[in-house]
Amino acid sequence: MAMMRYAEALNAALREEMQADPSVFVFGEDIGRYGGVFKVTKGLMEEFGETRVRDTPISEQALTAMAVTAAMTGTRPVLEIMYADFVPLTLDALVNQASIYNYIWNGQVKMPFVLRTQGGGGAGAGAQHSKSLDSMLAHIPGIKVVAPSTPADAKGMLKAAIRDDQPVVFLEHKLLYNTRGEVPEGDVTVPLGKAATLREGSDISIFATSKMVVEALKAADLLAADGVSAEIVDLRSLRPLDVNAIVASIAKTHHAVVVNEGWRFCGYAAELSATIMDHAFDELDAPVARVTLPDMPIPYSEPLETAMLPSAEKIRTAALKTLK
Amino acid sequence: MATHPISIDSAGGEYMETVLVIAWAMKSGDPVKTGDLLVTVETAKAATEIEADRDGWLAEIFFAEGQEAPVGAVLGTIADAKPMAGQPASVGPATAAAAAANPRELVADEASSSIRPPGSRAVASPLARRLAASAGLDLATISGSGPHGRIKKRDIDAALAARTNEHDDAGQRTPTAVQTSPVAAPALARQTAPVVLIHGFGSDRSVWRQVVPLLQSGIDTISLDLPGHGTESARPASSIEEIAFLLSDRLEEMGVGNAHLVGHSLGGAAALALARLGRLAVRSVTLLAPGGLGPEINASFIAGLARATTVQALQPWLTVMVGDPAALPSGYAQAALRQMEKAGNRDAIAAMAESLFPDGTQGFDLAGALGELAVPTRLIWGRLDRVIPAAHAARAPGFTAVHLLDGVGHVPQIEAPVLTARLITETVRSAG
Amino acid sequence: MKNTPSVEQHLEIYRRMLLVRHLEEGLGTLHKEGRTRGPIHRCDGQEAVGVAATAVLEAGDKVATTHRGHAVYIGKGMAVHPVVAEIFGRATGACGGRAGHMLVADAEKGVIGGNAIVGAGIPAATGMALSMQILGTGNVAMCIFGDGAAQTGICHEAMNMAGLWKLPVVFVLEHNQFGLTVPSEVQSPVEDLSIRAAGYAMPAEIVDGNDAVAVYRAVSAMVERARRGEGPGMVECKTYRIEGFSTSDMGGYQKPEDIAAWKERDPLLVSRKALLGDVGEAKLAEIEAAAKAEVAEAFETALSDPMPEFSLDEACNPYSEAH
């Protein structure tokens, strides 16, 4: 085990996979000489050269489309889209290209590419640099969407994503990059599609991904002081979703709060609620509570932004209301 | 408009849980005079006539003719004023149909009518609804403590506790497990947790009849029929989770809170799913050629088993099932077919096969559930298994005892009952 | 002249153009009989571009094309039957009936593939070229795109990167004068769209798109350059869309005199005239009869082929544990 920052864990995953497989390459804006706006690709250009580590023009639309066909023709591209807010620029490549070929072409091609991006609020980046568009991405069939919350999962899941033969969108969070945690050394992968129970509890289950897991863990401490035992399940993968883990937890607690930093209407939390109803309706002792961003743009000023974002306190309030 | 319930609590008699509505003497909206015959119900093999206890109009009918009503139920209401045409209270066949769909919810006695007016829907969480149904509790008699008077699990728990106390006060025995054990419980070394045996796809609980008498004395057993099978043929299930839920419900009804699980094939997968569900305290697990440890399953066997209607069609598949055909008791095919005819569940199990084993693949993975077990666990597999490959045993985690049986196919409990009984006994004993 | 196709090569180009023409005409007939499904985009009169451009490519080279790609499918080596069967949604189609005529692919032949999002083929080929450069395969990617696609934003993004990184990709502009019903001059301030190539530091050549030999020569020069690692190139082939946008096109916006003029310069006539002196009438008649028979047989077989059956396909399910 080594203590690492989340960004360093990602960097280690990229480095190890590039060392192990010459078909892996990384490209994106500012990722080469500068090492990435969030320093995730630091030192890679020095080690692997400018052919496999490319600074690109500001061309998200074409870059994503190119990742799709590069992946079809023998390489394993890892594309960095600097902000999740720029994901709408990539959508044709994901919706009309990547999502269809596996099925439409009858399994003739593989598409092993990873689209890394980071989202989330809390850093004063304003309405065009703070969003979480998880649901927009997870809505697209044929694409895997994962969002690890710990450095260990960040490394293990990025390695698994690079080795996956299908498109994977890898969602990071700007406020997680500097978080630290123990990361197993060596070639350790974490499977995509498996949730992790980070804290066992008996009264209520809280399901979250990415930065919201951190908030959920804080909420569990607050709830413990309220006399409530909360179970925290880090879904880790938004799609495929570990339905078994969700059902097992609800079968124990009979109460659920789902947390997502994206918008509420048609959002990922809504999907989770519906999934719970599909699979565990008769286990529910109360309606599923959703904690999300309100359906509004994210404002700049600190008190305005803070008021909007889902937080430990909001999760606690929702949990207590659910348990009434 | 004030309404008054048409009650049947005096008519039912204490030995009955339900009465049958034979005929209504009038229809809703008709005027009623005290002493008029309202409705005839069948109680304890006799017809009982219920007369109006006041003047008014027959307003609502909650139980249609031919329908069973619980004792204590309100069959309908008498209104003080003539109901207006089209008013909700003037009930036609639609309401009778709604009542038919879920009569319990429409039932109210005098005490609970203050909680909800007769005819209104009880507000309860899905969990509370399910627990009440399996405990035979009438939601209308329970007051909800949740938001908007919603009945929650805690309210059901409280009601059950109250009922238990009543029984205790009356010196009655609290409900306990209905057990099929052929072994009388001896005074010494009695295992408090029973062994719950779960059979495989297309079979029923009788598959354990050779093994059960061979278990060490003192071991209580409960042989369950899987959903869609045997006595449960009317209630099929479409996923392993649903199977686990239904089995768990039945155990809960029997008052079984902890148990040793033994499962064969699909029943093995069900045992793992049941353990994962976490509602039962599992003491040990013995799995015979269980499902859920790999994708492969002999699809032709499953299809053949579900399809066969003659001895000639079934025999070859039964041969596939065992290592040595001689291991099958003579007439086994005939008996198996008779069972299936009796249960009338051929369509149900064919549908279950389709949803559980889509495209000839086991549609569930329980290796994770196996890995999470923290109790003594044993895996028994015939080396000649042609239904689920014994190679799946290789996925067993290190804490599992694995027994690979020479010359045995898919059903160790039939092919090697003595050894199977011994291994089950050892697993149970090792749990202490 | 350098890069001129041999007589045998030209004859094969002519034969494949004939296959495509019979395919298009056969589809037209069956559409009128109500036996086709969905819109079909015919490339009658444009066969020289798709067939002659791809005739330059090697087996390991890849091509991305448009929703009007029949000439490219056949040009890059796909047999007629799997293409026809795909168009009729048969289980025996190139993609088992899942793709339909606009999205045909045959990965083994390097056709990946048709694309019905106008402009999307441009970054697609550019991405393939990026992969080829990184792996050092020595292969070339080709994009066939139209004058409509040339107006998209993604065209600029992709060509900029192709030029910047000297990617082994050749952009073949099939300038057929129309984006659906809107003529090119209403879509672009410049007539010769390939003048934009200078902005991406890539050479460009304008050719008569109805002359297979001219197309072959120009494309061949660009492909050789790209294969040598000297970067992308563009060939603008001037041609004309004879049969309208698709089978659902009501027409009325193309001038009859334009159609008549372009029909006189039909690529089949242009090639036939050139080949007549080299191989003689008998040889041409033989090839023509064989091509016609080959397509007729493909139609007959395809139309009696089985329809696919729907199933949830684990092999093509990205969430399957099998992957």
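Letters go in sequence order (proteins before strands), and every chain restarts at 1.
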**OP:** Kindly say whether A:Y103 contributes a backbone atom to a donor-acceptor pair with the side chain of C:R98 at under 3.5 angstrom?
**Re:** yes
Original post:
Short question: side chain of C:Y319, backbone of A:I143 - any donor-acceptor pair under 3.5 Å?
Top reply: yes
**OP:** Let me know if C:A116 has heavy atoms under 4.5 Å from chain A in its side chain, its backbone, both or neither.
**Re:** neither
Subject >> Crowding at CD, C:E108 (>12 non-hydrogen neighbours, <6.0 Å) >> reply: no
**OP:** May I ask you to test the C:S131-A:T69 pair for a side-chain heavy-atom distance under 4.5 Å?
**Re:** no
Subject >> For chain A, the option from C:A107, C:G110, C:A105 that forms the most heavy-atom pairs under 4.5 Å >> reply: C:A105
Original post:
Any cation-pi pair here, A:R54 with C:W165, using under 6.0 Å and within 45°?
Top reply: yes
Subject >> Segment of A:L192 engaging chain C (4.5 angstrom heavy-atom cut-off) >> reply: neither
Original post:
Would the number of heavy atoms belonging to other residues, nucleotides or ligands and lying under 6.0 Å from NZ of C:K109 be above 12?
Top reply: no
Subject >> A:W105 side chain near C:I112 side chain, heavy-atom distance below 4.5 Å >> reply: yes
**OP:** Let me know if A:E60 has heavy atoms under 4.5 Å from chain C in its side chain, its backbone, both or neither.
**Re:** backbone
Original post:
A:L63 versus C:E157: any side-chain heavy-atom pair under 4.5 Å?
Top reply: no
**OP:** Report the C-alpha distance between A:I104 and C:C95 in whole Å, list the side-chain angles of each, state the deciding distance to 0.1 Å, and finish with yes or no for side-chain contact (heavy atoms from CB on, under 4.5 Å).
**Re:** CA-CA 7 Å; A:I104 287 297; C:C95 303; 5.6 Å; no
Original post:
So what's closer than 4.5 Å to chain A heavy atoms on C:L164: side chain, backbone, both or neither?
Top reply: side chain
Subject >> Value rounded to 0.5 Å, distance of CG in A:N96 from CD1 in C:I117 >> reply: 3.5 Å
Subject >> Crowding at NE2, A:H139 (>12 non-hydrogen neighbours, <6.0 Å) >> reply: no
Original post:
Just wondering, are more than 12 heavy atoms of other shown residues or ligands nearer than 6.0 Å to CD in C:E230?
Top reply: yes
Original post:
How long is the gap from OG1 on A:T75 to CE on C:M128, to the nearest 0.5 Å?
Top reply: 11.5 Å
Subject >> Greater than 12 external heavy atoms within 6.0 Å of A:I58's CD1 >> reply: no
Original post:
Do the non-hydrogen side-chain atoms of C:M161 and A:M66 ever get within less than 4.5 Å of each other?
Top reply: yes
**OP:** Please state whether the side chain, the backbone, both or neither of A:T56 comes within less than 4.5 Å of a heavy atom of chain C.
**Re:** both
Original post:
Do you know which two heavy atoms are closest between C:I154 and A:A65, and how far apart they sit?
Top reply: CD1-CB, 4.3 Å
Original post:
At what distance, to the nearest 0.5 angstrom, does CZ of A:R52 lie from CD1 of C:I134?
Top reply: 8.5 Å
**OP:** Measure the shortest side-chain to side-chain distance between A:T73 and C:L135 over non-hydrogen atoms and say whether it is less than 4.5 angstrom.
**Re:** no
Original post:
Contact part of A:V109 toward chain C, heavy-atom cut-off under 4.5 Å: side chain, backbone, both or neither?
Top reply: side chain
Subject >> Close contacts, residues 267-275 of chain A versus chain C, judged by heavy atoms under 4.5 Å >> reply: none
Original post:
Can you tell me how far CD of A:Q97 sits from CG of C:N115, rounded to the nearest 0.5 angstrom?
Top reply: 4.0 Å
**OP:** Decide yes or no for C:L130 and A:F25: does some side-chain heavy atom of the first lie under 4.5 Å from some side-chain heavy atom of the second?
**Re:** yes
Original post:
For chain C, which residues from residues 234-246 of chain A lie under 4.5 Å away (heavy-atom distances)?
Top reply: A:R239, A:P240
